[in-house]
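In what follows, a single structure is set out as structure tokens and then discussed.
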2 protein chains.
Amino acid sequence: MILIQEIEHVELTGNVLKNYRRKKKILDLLYHKETLSATELSKKIGVSVPTSISLLKELSEDELVEVRGTGPSKGGRRPAVFGLKSDSIFVVSCELGRYTGKVGIFDAHNQLVAPIVKFKTSIDDDELIDKIYNEVASIVRAKRINPKRIYGVGIAMPGLVDEKEGYNHTIKKEELRNVAKRMRTKFNKLVYVNNDARMQAYGEFIFGAAKGHKNALILNWNWGLGLGMILDGKIYSGAAGFAGEFSHIKFIDDGELCICGKRGCLETVSSAYVIIRRAQEAVKANTVSQLTAKFKGRESEITVEDIIQAARLGDECSINLLGEVGAAVGKALANAIQLLNPDVIVLGGVVSAAKQYVLNPIQQSIHTHSLEQISGDVQLLISESWEQAGLLGTTAMLFQKLFSNMYN
Amino acid sequence: MILIQEIEHVELTGNVLKNYRRKKKILDLLYHKETLSATELSKKIGVSVPTSISLLKELSEDELVEVRGTGPSKGGRRPAVFGLKSDSIFVVSCELGRYTGKVGIFDAHNQLVAPIVKFKTSIDDDELIDKIYNEVASIVRAKRINPKRIYGVGIAMPGLVDEKEGYNHTIKKEELRNVAKRMRTKFNKLVYVNNDARMQAYGEFIFGAAKGHKNALILNWNWGLGLGMILDGKIYSGAAGFAGEFSHIKFIDDGELCICGKRGCLETVSSAYVIIRRAQEAVKANTVSQLTAKFKGRESEITVEDIIQAARLGDECSINLLGEVGAAVGKALANAIQLLNPDVIVLGGVVSAAKQYVLNPIQQSIHTHSLEQISGDVQLLISESWEQAGLLGTTAMLFQKLFSNMYN
DNA sequence: AAAATCTTATTAAAATATTTAAAAAAGATT
DNA sequence: AATCTTTTTTAAATATTTTAATAAGATTTT
């Protein structure tokens, strides 16, 4: 079975290597296109039709590819179209938050084989990998999946993650930082680790609101503000994998002290935490607000959702609060737009649920702070599938790694 | 002759196409590596040694490649090494400034065949293309170059340039904006047009201070501030080709009115023009300064070089002036660092000649305004070959286009 | 509506290209 | 000088493309 060699590090040469690369390329093309005919494939991989057909025959024998009916024609015999075989290639994708994790098994059509499983954990959890493994094992048992058909495992996690090394610099215990290595030891599969905002960005790029936009900024607006960037159609990670640290962009000279040790970071003005704190303060100060009526005396229970809900019901205090943080984020985004000239910006995370209450001030702020020629064509959207974005991004990345030719 | 087909748009198929691609790949590898053996090439292009040798034989017959001696060995027969033939492939590179242009003919070893020629022009000059053509023609005559051996012509020019279309949106007359088309009509060669800051960035990346750094920011600090970005080893242009508009990043709320119509752009604080104006004002106000002594009554003659020169001689007024603009640029760069996590920043342009008088305040400012983890490893350098950076970048880009496989 | 014609896909066989394996050449190392 | 290594060449084996033939369906004509 051809894909396994990626793990076993078998050195391929000559014709065997050529064959292996071509097959991977076919799998990759089918992963992205769903179905293709032998003729189309022959053009895309640069071989003649007979060769293309013989490669497809071999892939069918490996049970990786199957005929999925006939395609359309514009006046001739209709072609047989090929696609990835269902139930033959799976990957495991996991996304971690501050206190929880979720994991799912996906097939080559990016479909979940069972509902996403949630569990309590954190990036500093000693048993993180074991927990993931156990959750996966129980899905595998329940759905009677052949474990050999699982080809890769990926994690999207908060922190300063170096994708190449699979290293999370934010994990406290030094010996636990090499996440990729721990995963490989436990699963013995292809492993991929990256930052959550970047994987969400990739998910939105491949399947969501940023689909088809080669230059997209995707903001994960939560307790921090993580900016995932798709530049020239690829995830951008920066020199050390630290790109997109939007949270700690200097926003106000001599502003409030931030957890990072600097003053006036964007995070100190517009994180979900700050929004809640400001709402709490307003309630404590008896400001006229629906929140005061509802939460007076138990301010610590206020959530971002509550504030958004109040805004929807016309609460001026909440609307103003969301407007102010929106304007701040918009100003910061304007700089990013000026620098990167994206064609779309997608908002995700708890705060983005506020929709027009943050969209409008952001849009306004972008107009004020950047050149019309550059920002004029930027679409500003809210993610419609943020729950799955990170998992789907990780899945797509795993398949890409699986089907890519590392040599070249 | 194989390369000409790129211009004639001959549709290649099957083995002919395969052969053509492989030859291009060999040329590309030799352009970047200077010399390679048949064995090394066979590995890099994925064919066996006999095939590699036969391809090299064909390229030799086309006079594109030649044996350049024998390579080293670690205990066996020494390999013949191949390289691009001198005097057989040339390109024309042109760089425009606000009021002047310079042009040179380069061989495949990136060497000038004659000194750079300078001439007066602007991007709005009706006869721009004719002027370039005539300058090239006279070099061709003087050096007896076979015009058929010139395979491409490139221009690096100021303005909002869309690289894909070869369109400069900043040119006033609508009908002159399609620069690539005008060039193709006149020269009938492969044509490449891009923004000057981006081409200088590419030059620094391939040959200069940013060499080997896959994520580099290169600042063209002149009348405007253009930021050329190398991200993941490629020039980054953005969705519409407008990326890197550093000049008009919002820097001061409700600041000075900028030519772009907005207020408080970085350009209004730290362009070469602003530096000169502030020096002039200081002289008019009889500030204690070497400049006052030298230029009182003829303030309009002050140049940036004069200010830098004064700073070098210890003039406190000039040192402070450069320090202030440096701090401003540093603060803006800090945001870019936070977003993009580059591994090197290179400064070029007239103001960068001030060396430590701007470097130190920039460095200081970066430290203050960005996370140590991200900015800690960033090198801050001054270009040592800015005069040629744009031309060399354009040259490298032309060869890359020439040797790349457009289909794929 | 059936037959003829056109298009495109697939298969088969011949022609060509490429790789593999073995031999020869050239130089390095012992 | 003998042995080892690596490159280059050669010839046999294999793979791939090309060309031609066949198949299958679409379109047009009768």
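Letters A, B, ... are given to chains in the order of the sequence lines, protein chains preceding strands, and every chain is numbered from 1.
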Q. With sequence neighbours excluded, what pairs up with B:Glu165 under the salt bridge (charged side-chain N to carboxylate O under 4.0 Å, His left out) test?
A.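 Scan of B:Glu165 (salt bridge (charged side-chain N to carboxylate O under 4.0 Å, His left out), adjacent residues dropped) gives none.
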
Run the side chain to side chain contact (heavy atoms under 4.5 Å, CB included) test against [X] and tell me which residues pass, sequence neighbours left out.
X        : value
B:Ser37  : B:Thr39, B:Glu40, B:Pro79, B:Val81
A:Val65  : A:Leu27, A:Leu30, A:Leu56, A:Leu59, A:Ser60, A:Phe82, A:Leu84
A:Lys234 : B:Asp232
A:Ala201 : A:Ile218, A:Ile230

So which protein N/O to nucleotides 3-5 of chain D N/O distances come out below 3.5 Å?
residue : atom : partner : partner atom : Å
D:dT5   : O4'  : B:Gly75 : O            : 2.5
D:dT5   : O2   : B:Gly75 : O            : 3.3

Q: For A:Tyr167, enumerate each residue passing the ring pair (Phe, Tyr, Trp, His ring centres under 6.0 Å) test, keeping only those at least two apart in sequence or located in another chain.
A: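 So A:Tyr167 forms a ring pair (Phe, Tyr, Trp, His ring centres under 6.0 Å) with A:His169.
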
Q | Boundaries of the DNA chain C segment in contact with chain A, non-hydrogen, under 4.0 Å | A | C:dT7 to C:dT20

Q) For residues 50-60 of chain A, which residue pairs qualify under salt bridge (charged side-chain N to carboxylate O under 4.0 Å, His left out), counting only residues two or more places apart or in two chains? A)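 Listed by first then second residue: A:Lys23-A:Glu58.
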
Q | Sorted by number, the residues of residues 50-58 of chain B with heavy-atom contact under 4.0 Å to DNA chain D | A | B:Pro50, B:Ile53

Q | Bending between helix ends of the helix from C:dA1-D:dT30 to C:dT30-D:dA1 [5 pairs per end, 10° resolution] | A | 10°

Q | Nearest-nucleotide comparison on DNA chain D, the residue closer to the 5′ end among A:Arg78 and B:Val81 | A |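 The residue closer to the strand's 5' end, by nearest nucleotide, is B:Val81.
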
(Q) I need the full list of ring pair (Phe, Tyr, Trp, His ring centres under 6.0 Å) pairs touching residues 42-79 of chain B, with sequence neighbours left out, sorted by first then second residue. (A)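 Listed once each, the pairs would be none.
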
